[in-house]
Amino acid sequence: MATKQAKKTRKPEPEKEEGKHEVNPDLTWEELEKGTRPGDKYVRIHRPYARLLRRLAPDYLLATEKVYEPKDLPGRIWSLLHFIAIGRPLPSAAEIHERLGKAKALAIFASDALSSNAYATEEILLVLVLAGSGALGLSLPIALTISLVLAMVAFSYRQTVQVYTKGGGSYTVAKENLGTLPGLVAAAALLIDYVLTVAVSVAAGTAALTSALPQLYEQRILLSLLFILLITLGNLRGIRESGNIFALPTYFFIFSMAGMILVGLFQATTGNITPSAPQEAIAGSEPLTFFLILRAFSSGSVAMTGTEAIANGVPAFKPPEGKNAAITLFWMAAILATFFVGLTFLAQAYGIVPSETETVVSQLARGIFGEGVPYFMIQASTMLILVLAANTSFAGFPRLASVLALDRFMPHQMSFRGERLAFSRGIVVLAILAGVLIVAFGSSTHALIPLYAVGVFLSFTLSQSGMVVRWWRLRSPGWKRSVLINGSGAVLTGIVLIVVASTKFAGGAWIVILLVPLLVLLFLGISLHYRNVGEQLRPSREAIILNPATVRQKVIVPIADVNQASLRAVTYAKSISDDVIGVHVTDEPQEAEAIRKKWREWEWDTPLVILESPYRSLTPPLLTYIEALQKENPEGFVTVVVPEFIPAHWWENFLHNRSAERLKKAVLSMPNTVVIDVPYQLQR
């Protein structure tokens with residue numbers, strides 16, 4: 001009875017012209033059938049592609065997981081290998097479940113900062129020993145001073161993470177409050193620092209390994225590259241899974257280091273220690289000057305690198321993002337300062353002198369535990385945390401690059417989320433750049449350290465200055481206290497920046513100081529290109545309109561955006577057929593509605609089908625839709641009119657996704673399918 005009622009209210013279908021096949025965008029067919037009793041009729045609805053393309057609303061289809069399954073043997077083999085290495089693809093809706101709790105976030109975002117304990121004290125001692133063994137006693141006051149600066153920076157960043165919960169860290173804060181140029185300077189400094197973090201951390205981890213196993217020293221470059229490859233694969237599996245992988249080594253380091261410091265402090269307070277320093281004092285090669293002390297301070301300031309990582313990755317936290325990020329930041333700063341001061345105190349108590357062949361942590365562990373199992377546990381945990389410290393950069397670099405890409409300061413490809421919802425292209429780019437540095441500097445921590453810390457303190461200073469401007473502008477309740485906190489942080493980090501840049505300039509910091517403006521110029525050049533593209537693709541009433549011909553055929557036009565190029569392609573499609581459909585594949589429903597609104601403004605008689613792709617791939621859903629249209633009319637042809645704009649310069653092609661080329665190659669392999677490219681040449 002319900003079907004009869006549905007039949008009564010159904011509108012009559014329009015009469016079809018003879019010889020003309022009507023396009024059915026929803027891929028739904030209605031068939032009038034007779035009932036069991038005379039005169040009974042009912043409507044049967046057929047959705048043969050419901051397993052592949054689920055109908056959510058009129059002209060709105062959702063591509064199911066079946067669409068992405070390979071259909072040939074090579075594709076299945078590749079899919080299996082991909083599954084083993086990376087894991088199963090995740091839909092966009094799973095993003096909220098990939099967020100991190102505080103415990104896993106500490107393992108991912110704090111590993112860089114915590115790992116600096118393995119070499120920060122050593123860097124101080126390497127400078128002070130130049131003035132002789134008597135100068136090593138200054139290491140503890142220097143470590144305490146650095147810890148006070150760290151406390152101020154961490155306290156200041158608590159303000160930032162609770163206000164800017166969308167990520168971007170120093171770049172977002174500086175851009176919004178100080179202007180675009182300071183924001184880009186902060187972004188350039190951070191990106192450089194992220195690359196250096198990977199190189200320094202992996203090189204230091206390799207040094208920890210070769211300290212325990214000296215026979216591997218000659219293979220240090222190969223080992224470092226292998227570590228980078230393993231971390232890259234771990235991060236390509238997604239942020240939550242990388243947290244699962246890297247959490248255990250991080251907490252292994254925390255408890256191992258805490259145990260060593262507690263045992264060392266007990267031995268020091270009870271007098272049960274055997275200093276490892278030589279009996280004769282080491283003669284200094286340089287006088288103990290204020291500048292030498294500043295150099296030691298700047299070298300030890302690498303202990304603060306990684307502090308900003310949590311501010312850059314706030315969106316990765318579970319809600320409430322700001323509160324959870326602030327708590328994790330406090331944990332990180334407290335553990336870092338405690339370990340740093342504790343290790344420096346013990347190094348002084350045990351008379352540790354830096355060596356080219358053995359790290360300070362290794363000497364200290366040997367002095368406390370001897371050659372037993374605890375020593376090797378300390379070395380193993382140190383090696384793991386140093387290698388995995390690079391994971392902080394693998395979490396921060398791709399996310400910052402994606403923010404820059406969305407603001408059109410980096411290639412759009414950097415904002416693409418891979419099959420595991422990770423910013424896979426940013427991860428791969430970071431791995432390649434860090435690998436180049438490892439090879440170029442021979443996987444030497446001491447050779448890379450002088451390049452380190454300048455970028456991070458520059459971003460610290462700009463971020464805190466931006467927060468001061470924000471509080472001053474808004475004058476919200478408690479703004480005076482906030483100005484004092486962030487202002488103090490800006491002054492302190494600014495002073496440290498000057499000290500670090502001046503003392504490390506000749507040792508290699510000049511490279512970073514030169515690279516920052518070059519990167520900013522690159523960002524501005526990319527932005528100019530995208531602005532030119534946008535201006536030339538913007539729809540206008542003066543657009544060239546083609547006269548539609550009377551040729552009738554089934555035509556679809558893939559629509560990425562409603563612009564000059566796509567409207568020109570639609571107009572051309574109308575000239576060859578009366579049956580034209582626009583198809584927009586999207587992984588963002590809100591964006592799709594914006595596209596539909598623009599479409600209605602510029603196109604009145606051409607239907608637009610929204611094809612949602614929850615796994616963020618353009619080609620498989622579109623090919624499935626084309627196949628469905630072919631099955632609807634097996635004797636006919638489907639013509640795909642592809643809009644494509646051509647950049648004015650060949651090198652600008654690298655700034656675009658080139659999705660039109662990939663689509664054309666894929667469609668050409670389908671039977672009874674014609675591809676027409678409608679180019680739109682840009683002039684500048």
Completion exercise
d(Leu178 CG, Leu462 CG) to nearest 0.5 Å is 6.5 Å
Exercise for the section: Say whether, by atom type as modelled, one donor and one acceptor occur between the side chain of Thr210 and the main chain of Leu213 under 3.5 angstrom. Expected result: no
Practice task
Please check if the side chain of Thr461 supplies one atom and the backbone of Gly494 the other of a donor-acceptor pair under 3.5 Å.
Solution key: yes
Practice task
Give the C-alpha distance, both sets of side-chain angles, the deciding distance and a yes or no for side-chain contact (heavy atoms from CB on, under 4.5 Å) between Tyr157 and Ile310.
Solution key: CA-CA 9 Å; Tyr157 264 105; Ile310 292 176; over 6 Å; no
Problem - Side-chain H-bond candidate by donor/acceptor type, Tyr350 with Gln363, under 3.5 Å - result: no
Fill in the blank from the handout: Residue pairs passing the salt bridge (Lys or Arg N to Asp or Glu O under 4.0 Å) test with at least one member in residues 290-306, sequence neighbours excluded, are Glu286-Arg295
Problem - Ser362 versus Tyr375, side-chain donor and acceptor atoms under 3.5 Å - result: yes
Handout entry: Side chain proximity check, Phe369 to Met377, heavy atoms < 4.5 angstrom
Key = no
Practice task
Tell me whether the centres of the aromatic rings in Phe397 and Phe423 are closer together than 6.0 Å.
Solution key: no
Practice task
Determine, step by step, whether Ile142 and Ile146 satisfy the side-chain contact (heavy atoms from CB on, under 4.5 Å) criterion, reporting the C-alpha distance in whole Å, the side-chain angles of both residues, the deciding distance to 0.1 Å, and the verdict.
Solution key: CA-CA 6 Å; Ile142 292 174; Ile146 293 172; 3.9 Å; yes
Exercise for the section: Output yes when a side-chain donor or acceptor of Asp193 lies under 3.5 Å from a complementary backbone atom of Ala189, and no otherwise. Expected result: no
Problem - Euclidean distance, Ser224 OG relative to Ile438 CD1, rounded to 0.5 Å - result: 4.5 Å
Handout entry: Flag side-chain contact, heavy atom, 4.5 Å: Ile293 against Leu288
Key = yes
Practice task
Step through the shown structure and confirm whether more than 12 heavy atoms of other residues, nucleotides or ligands are within 6.0 Å of OH on Tyr251.
Solution key: yes
Exercise for the section: Provide the closest heavy-atom pair for Leu400 versus Leu191 in the form atom of the first, atom of the second, distance. Expected result: CD2-CD2, 3.8 Å
Exercise for the section: Decide yes or no on side-chain contact (heavy atoms from CB on, under 4.5 Å) for Gln348 and Phe345, but give the supporting numbers first. Expected result: CA-CA 5 Å; Gln348 183 174 321; Phe345 171 79; 5.8 Å; no
Practice task
Taking all non-hydrogen atoms of both residues into account, name the closest pair between Pro354 and Val129 and its distance.
Solution key: CG-CG1, 4.2 Å
Fill in the blank from the handout: residues 306-331 vs ring pair (Phe, Tyr, Trp, His ring centres under 6.0 Å), sequence neighbours excluded, gives Phe109-Phe317
Completion exercise
Closest non-hydrogen atoms of Ala347 and Val360, given as atom of the first, atom of the second and distance, are CB-CG1, 4.3 Å
Problem - Within-4.5 Å side-chain heavy-atom neighbours: Ile254 and Thr250 - result: yes
Practice task
Would you check if the side chain of Ser381 reaches a backbone N or O of Phe253 as a donor-acceptor pair within less than 3.5 Å?
Solution key: no
Handout entry: pair Leu226-Leu222: side-chain heavy atoms closer than 4.5 Å
Key = no
Problem - Atom pair CD1/CE of Ile368 and Met260 - distance to nearest 0.5 Å - result: 5.0 Å
Handout entry: Contact check, side chains of Gln162 and Arg158, non-hydrogen atoms, under 4.5 Å
Key = yes
Handout entry: Under 3.5 Å donor-acceptor, Asn117 side chain and Leu114 backbone
Key = yes
Exercise for the section: Could you tell me whether a side-chain N or O of Ser393 sits under 3.5 Å from a main-chain N or O of Tyr194, the two making a donor and an acceptor? Expected result: yes
Handout entry: Shortest non-hydrogen contact from Val361 toward Thr382
Key = CG1-OG1, 3.9 Å
Practice task
Carefully, step by step, assess Phe460 and Val496 under the rule side-chain contact (heavy atoms from CB on, under 4.5 Å).
Solution key: CA-CA 10 Å; Phe460 282 167; Val496 177; over 6 Å; no
Practice task
Look at the side chain of Ser402 and the backbone N and O of Arg399, then say whether any donor-acceptor pair between them is shorter than 3.5 Å.
Solution key: yes
Completion exercise
Nearest heavy-atom contact between Phe227 and Leu209 is CZ-CD2, 4.3 Å
Practice task
Could you check if a side-chain atom of Ser116 sits within less than 4.5 angstrom of a side-chain atom of Leu336, using non-hydrogen atoms only?
Solution key: yes
Handout entry: From CG (Leu262) to CD (Gln267), nearest 0.5 Å
Key = 11.5 Å
Problem - Flag, side chain of Ser459 to backbone of Val456, donor-acceptor distance under 3.5 Å - result: yes
Exercise for the section: Could you please spell out the steps behind the side-chain hydrogen bond (donor to acceptor under 3.5 Å, both in side chains) verdict for Tyr164 and Ser463? Expected result: CA-CA 11 Å; Tyr164 291 92; Ser463 173; over 6 Å; no
Problem - Check: Gly442 main-chain N/O paired with Arg220 side-chain donor or acceptor under 3.5 Å - result: yes
Exercise for the section: Starting at CD1 of Ile427, measure out to CE of Met414 and round the result to the nearest 0.5 Å. Expected result: 10.0 Å
Practice task
State whether the side chain of Asn486 and the backbone N or O of Gln464 hold a donor-acceptor pair below 3.5 Å, judged by distance alone.
Solution key: no
Handout entry: Beyond-backbone contact of Trp471 with Arg481, side-chain heavy atoms, under 4.5 angstrom
Key = no
Practice task
Working to the nearest 0.5 Å, report the span between CG of Leu125 and OG of Ser139.
Solution key: 5.0 Å
Exercise for the section: Considering non-hydrogen atoms only, spot the tightest contact between Ile385 and Ser115 and give its length. Expected result: O-CB, 3.6 Å
Practice task
Compare all side-chain heavy atoms of Met467 with those of Ile485 and state whether any distance is below 4.5 angstrom.
Solution key: no
